[in-house]
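Notes for the one structure printed next.
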Amino acid sequence: MVDLIVVGAGPAGITAGIYAARKKVDSLILSKDVGGQTILSGDVENYTGYQFITGSELVKKFEEHLKQFNVPFKGDQEVKRITKIEKGNFSVETAQGSYEGRSVIVASGRRSRLLGAKGEDIFRNKGISYCATCDGPLFAKKTVAVVGGGNSALDAVLQMMHIAEKVYLIDINPTLGGDQIMREKIVATANVEILNNAATKEIIGDQFVRAIKVEQAGALKEIALQGVFVEIGSVPNSDFVNGVKKNKAGEIIVDHLNRTNIPGLFAAGDVTDIPEKQIIVAAGEGAKAVLGVFRYLSQN
Ligand SMILES: Cc1cc2nc3c(=O)[nH]c(=O)nc-3n(C[C@H](O)[C@H](O)[C@H](O)COP(=O)(O)OP(=O)(O)OC[C@H]3O[C@@H](n4cnc5c(N)ncnc54)[C@H](O)[C@@H]3O)c2cc1C
């Protein structure tokens, strides 16, 4: 039995661990990995104190900080269920075992949204990727498509237009979303072709992807390519938390002290309904959540 179990070790979970150690709250972090989405970020230019740092360098700094405070950490642990048990305590179950805590902070972040097109299941990691930063270099001098029309899609195109020979940007909407500065760069680039009002119907291949089928103005078009980057946003990792109030998007609803509707259950970072999904915001929310937990434990 510990005072606090933190689920997740992205910026929110790691910061929560550090704050808990400094507040002498007996805690345990359970996580699938270290770093969360930050590791997927190529260049980070908006984390205070670092004018420029890569996502993986920043995660290394987070890890060093965590180790300095000897925060108990168990990796490779996917939390499957959180249940309220007697005396208001919580049981947190993973495939490896079950842990008990007087309080819990859910800091499990988000994952990529799936496209839902035919063939997606077959060719995942065989030409279909959800992270241009991670997999982009595998497609050097190849033809690829980026599916999506918001900032994450534009970011992927900006990376891939320097790596791939040709990039199709396939957007289901009539006009691209995202930041104007990114759009302007993309529109002015010769090896990028933008398809608007285009619905991705199927991804075709043998052992690896070889084409994508797109419907535009009622007509089906097959484009030969070797890679497809799906960049259509993300969904919160909140399925394993039952009984807690979530919004329509599945994000856990928290108040200004990071409390959920269940006493003792707190949440922080991208998994919550806090609208800004950023590293510095998630880290701040992790810190706030522990201060909320500290108050809760003192009063209960
Ligand atoms: C490609 C990309 C680039 C980005 N670039 C920037 C940028 O430049 N600047 C910026 O500020 N933000 C950026 N972001 C956003 C930023 O990465 C996130 O806002 C931030 O990482 C959220 O932190 P978090 O701790 O809430 O969640 P996450 O980073 O998602 O971490 C969640 C953690 O929970 C773990 N987890 C999930 N489910 C479970 C489970 N069931 N059991 C146990 N553990 C679990 C995960 O393994 C992970 O460790 C970027 C995001 C992406 C995808």
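Along the sequence shown, the residues carry numbers beginning at 1. None of the values given here were measured: they were computed from a predicted structure. Atoms within each ligand, like the ligands themselves, are counted from 1 in listed order.
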Quick one: look up the protein heavy atom nearest [atom] and list residue, atom name and how far away it is.
{"atom": "atom 5 (N) of ligand 1", "result": "S41 OG, 3.1 Å"}
{"atom": "atom 34 (O) of ligand 1", "result": "G8 CA, 3.2 Å"}
{"atom": "atom 21 (O) of ligand 1", "result": "T38 OG1, 3.2 Å"}
{"atom": "atom 18 (C) of ligand 1", "result": "D270 OD2, 3.3 Å"}
{"atom": "atom 16 (C) of ligand 1", "result": "I279 CG1, 3.6 Å"}
{"atom": "atom 41 (N) of ligand 1", "result": "V79 O, 3.1 Å"}
{"atom": "atom 47 (O) of ligand 1", "result": "D33 OD1, 2.8 Å"}
{"atom": "atom 27 (O) of ligand 1", "result": "G109 CA, 3.2 Å"}

The complete set of side-chain hydrogen bond (donor to acceptor under 3.5 Å, both in side chains) pairs with one or both residues in residues 145-157, sequence neighbours excluded, reads N151-D179, D155-Q159

Hey, could you give me each pair passing side-chain hydrogen bond (donor to acceptor under 3.5 Å, both in side chains) that has a residue in residues 185-197? Not counting sequence neighbours.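 Pairs touching residues 185-197 that pass the test: K166-E193.
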
Taking only heavy atoms of [X] into account, list the atoms of ligand 1 that are under 4.0 Å away from them.
{"X": "S31", "value": "35 (C), 43 (C), 44 (N), 47 (O), 49 (O)"}
{"X": "Q77", "value": "42 (N), 43 (C), 44 (N)"}
{"X": "A107", "value": "32 (C), 33 (C), 34 (O)"}
{"X": "Q278", "value": "10 (C), 11 (O), 12 (N), 19 (O)"}

N/O of [X] under 3.5 Å from N/O of ligand 1, yes or no?
{"X": "G269", "answer": "no"}
{"X": "A12", "answer": "yes"}
{"X": "A9", "answer": "yes"}
{"X": "P11", "answer": "yes"}
{"X": "E78", "answer": "no"}

Salt-bridge present (R111, D239; N to O < 4.0 Å)
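Salt bridge flag = yes for D239 with R111.
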
request  = Taking only Lys NZ, Arg NE, NH1 and NH2, and the carboxylate oxygens of Asp or Glu, determine whether K288 and E285 approach each other closer than 4.0 Å.
outcome  =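 The answer is yes: the pair qualifies as a salt bridge.
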
> Quick one: which of Q37, R110, K277 gives a side chain to side chain donor-acceptor pair (under 3.5 Å) with S234?
Replying inline: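 For S234, the side chain to side chain donor-acceptor pair (under 3.5 Å) check succeeds only for R110.
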
Min side-chain heavy-atom separation [X]-[Y] under 4.5 Å:
{"X": "F266", "Y": "L4", "answer": "no"}
{"X": "K80", "Y": "F240", "answer": "no"}
{"X": "L114", "Y": "Y130", "answer": "yes"}
{"X": "R102", "Y": "M1", "answer": "yes"}
{"X": "L291", "Y": "Y19", "answer": "yes"}
{"X": "L297", "Y": "S103", "answer": "yes"}

*More than 12 foreign heavy atoms under 6.0 Å from CD of E64: is that the case here?*
yes

Is the count of non-hydrogen atoms from other residues, nucleotides or ligands lying under 6.0 Å from I181 atom CD1 greater than 12?
->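 Atom CD1 in I181 is not packed in, count stays at 12 or less.
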
The single option from L30, N237, I5 that satisfies side chain to side chain contact (heavy atoms under 4.5 Å, CB included) with V79 is L30

May I ask you to identify, for [X], whether its side chain, its backbone, both or neither come under 4.0 Å of ligand 1 on a heavy-atom basis?
{"X": "A282", "result": "side chain"}
{"X": "R110", "result": "backbone"}
{"X": "F240", "result": "side chain"}
{"X": "C131", "result": "neither"}

Nearest heavy atom to atom 52 (C) of ligand 1, choosing from Q37, K80, Q159, belongs to Q37

Proximity winner for atom 9 (N) of ligand 1, if only heavy atoms of L40, V6, N46, V44 are counted:
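Selected option, by shortest heavy-atom distance: N46.
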
Practice task
Take atom 14 (N) of ligand 1 and look for protein heavy atoms under 4.0 Å from it; say yes if you find one, no if not.
Solution key: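 Looking at atom 14 (N) of ligand 1, one finds that no protein heavy atom lies closer than 4.0 Å.
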
query = Would you say T133 touches ligand 1, if touching means a heavy atom closer than 4.0 Å?
reply = no

*asked:* How close do I262 and N242 get, counting heavy atoms only, and between which atoms?
replied: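 In terms of heavy atoms, the two residues are closest at CD1-O, 4.1 Å.
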
